[in-house]
2 protein chains.
Amino acid sequence: MRDTGMGAGLGGESLLFLTDEQLRQGIEAMFFAYRGFTADPDRILADLAYGRAHHRAVHFINRAPGTTVNNLLNILGVTKQSLNRVLRTLIADGLVESRVGQHDKRERHLFLTEDGHALEQKLSDAQRARMRTAFREAGPDAVGGFRRVLEAMMDPEMRRAYARLKENGS
Amino acid sequence: MRDTGMGAGLGGESLLFLTDEQLRQGIEAMFFAYRGFTADPDRILADLAYGRAHHRAVHFINRAPGTTVNNLLNILGVTKQSLNRVLRTLIADGLVESRVGQHDKRERHLFLTEDGHALEQKLSDAQRARMRTAFREAGPDAVGGFRRVLEAMMDPEMRRAYARLKENGS
DNA sequence: CAGCTTACGTCAGTGTTGTTGACATTCCAA
DNA sequence: TTGGAATGTCAACAACACTGACGTAAGCTG
């Protein structure tokens, strides 16, 4: 009955029957919602000859300035060849700066330039506006539930990355 | 204060302050969770020389048997040429059957074959298992919130498609 | 110091999935 | 019946992911 108080995992709430139909609806909700989630940035990016991959890179470089290529690789979950193609264009276009590490000269630390910040702002404005509207429509209680389910859906490694970024920005 | 009672839209809940940081966390939660969401089917599909597009087609054909190509197109939000490539391989591999419409011979009605059902089952088993675990971990209250936020995040057109499918399967 | 590992970049090749353009078939209505 | 709209197919191309191989520079360890 009480809503908090179990430290971890499942165990409580054995009342929770989940029919296949409910689960399927959850799956479809994820599918359709993700489309909406990416729709606004995609429209902006299409005009700039950039894609979702560029958006992701810019987002996380903004979020963790000075991050290394390797770290970004782990967060994005792509191969270095794939990321490199994206970073190369962003650097060539003057949106991202790559600085050789002071302590470890093998590392490259990534930063957004002024133009890079401008693009990030433009993209995240659109995405945040949609998120804000959705949160408002759904109500404050829903927001907590939304976040709890999403967090539980992540692979453990990604959950850690997510938590690290949360602390980072708090 | 009361949690229900407003017919539509926003308007209530002006108490709901949303900082950029909260919104950013929501964005990142969507990103990481979607990765988890697709991870299990992706692993299965990789062995079969199929991709996410095949999964989506099989999912929605199972969900709405006899659907037309055009209808599927609207749900998936891709071009007919893109969908056609996927359908062609699924038909060639005997997972999907395409029947010429009786009333309108231009239309093709799509059905899963026995093998198609088997694949759909295998894929959705994996995805439902993750969804079930996530729902259980997050608790019953969270599930409602999750669904409300996702629904509010969809484009209106997709919200209608989602609602239609819900009725269909209820 | 020598040799191994790590971090990063790059080249080449492949596969999936999206796109546009062109086209055939079918239906319907003027 | 003829012309336009709708439905679906084929062909070619672009974006972005992947694997595999290789090169370079820098750090680490015995």
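In the text below, chain A, chain B and the rest are named by the order of the sequence lines, each starting its count at 1.
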Just how far, in rounded Å, is [atom2] of [N] from [atom1] of [X]?
X	N	atom1	atom2	answer
Arg99(B)	dT26(C)	CZ	P	20 Å
Leu72(B)	dT17(C)	CG	C1'	15 Å
Arg85(B)	dA14(D)	CZ	P	15 Å
Arg88(B)	dG18(C)	CZ	P	14 Å
Leu110(A)	dA7(C)	CG	C1'	12 Å
Leu73(B)	dT17(C)	CG	P	15 Å
His55(B)	dT16(C)	NE2	C1'	16 Å
Leu45(A)	dT19(C)	CG	C1'	16 Å

Q. Can you list the residues that meet the ring-ring contact (aromatic ring centres under 6.0 Å, His included) rule with Tyr162(A), with sequence neighbours excluded?
A.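 For Tyr162(A), no residue satisfies ring-ring contact (aromatic ring centres under 6.0 Å, His included) once neighbours in sequence are set aside.
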Q. Want to settle it: does His54(A) or Arg108(B) sit nearer the 5' end of DNA chain D, counting the closest nucleotide to each?
A. Arg108(B)
Q.
On DNA chain C, does the nearest nucleotide to Ala53(B) precede the nearest nucleotide to Lys105(B) from the 5' side, or the other way round? Give the residue.
A. Ala53(B)
(Q) Parallel, tilted or perpendicular, judged at 30° and 60°: which one describes the rings of Phe31(A) and Phe60(B)? (A)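 Geometry flag for Phe60(B) against Phe31(A): tilted rings.
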Q: Under 4.0 Å between any heavy atoms, over every strand shown, what does Gly77(A) touch: base, sugar-phosphate, or nothing? Just pick one.
A: sugar-phosphate
(Q) Starting the side chain at C-beta, find the nucleotide from dG8(D), dA7(C), dT26(C) nearest to Asp104(B). (A)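 Side chain of Asp104(B) sits closest to dT26(C).
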Q. Between dA26(D), dA17(D), dC16(D), which one does the side chain of Arg106(A) approach most closely?
A.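 The answer is dA26(D).
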Q | From Asn71(A) atom CG to Ile75(A) atom CD1, the distance as rounded to the nearest 0.5 Å | A | 4.5 Å
Q: State the CZ-CG distance between Arg63(A) and Leu72(A), to the nearest 0.5 angstrom.
A: 14.0 Å
Report yes if at least one side-chain N or O of [X] is closer than 4.0 Å to OP1 or OP2 of [N]; otherwise report no.
X	N	value
Thr79(A)	dC18(D)	yes
His103(A)	dA26(D)	no
Asn84(B)	dG8(D)	no
Asn70(A)	dC8(C)	yes
Arg56(B)	dG18(C)	yes
Arg52(B)	dT16(C)	no

Q: Taking His54(B) for its side chain and Gly51(B) for its backbone only, find out whether a donor-acceptor pair lies under 3.5 Å.
A: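 Judged by distance alone, yes, a pair lies under 3.5 Å.
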Q: Look at the side chain of Ser98(A) and the backbone N and O of Arg108(A), then say whether any donor-acceptor pair between them is shorter than 3.5 Å.
A: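 No, the answer is negative, given that no donor and acceptor are paired below the 3.5 Å cut-off.
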Q) Is there side-chain contact between Leu150(B) and Met30(B), with at least one heavy-atom pair below 4.5 Å? A)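 The answer is yes, as the side chains (C-beta and beyond) meet within the 4.5 Å cut-off.
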(Q) Is there a side-chain contact between Arg130(A) and Phe37(A) in this structure, where contact means two heavy atoms from C-beta onward sitting under 4.5 Å apart? (A) no
Tabulate protein N/O versus nucleotide N/O from nucleotides 21-24 of chain C, keeping only pairs under 3.5 Å, one per line.
| residue | atom | partner | partner atom | Å |
| --- | --- | --- | --- | --- |
| dG21(C) | O6 | Gln81(B) | NE2 | 2.8 |

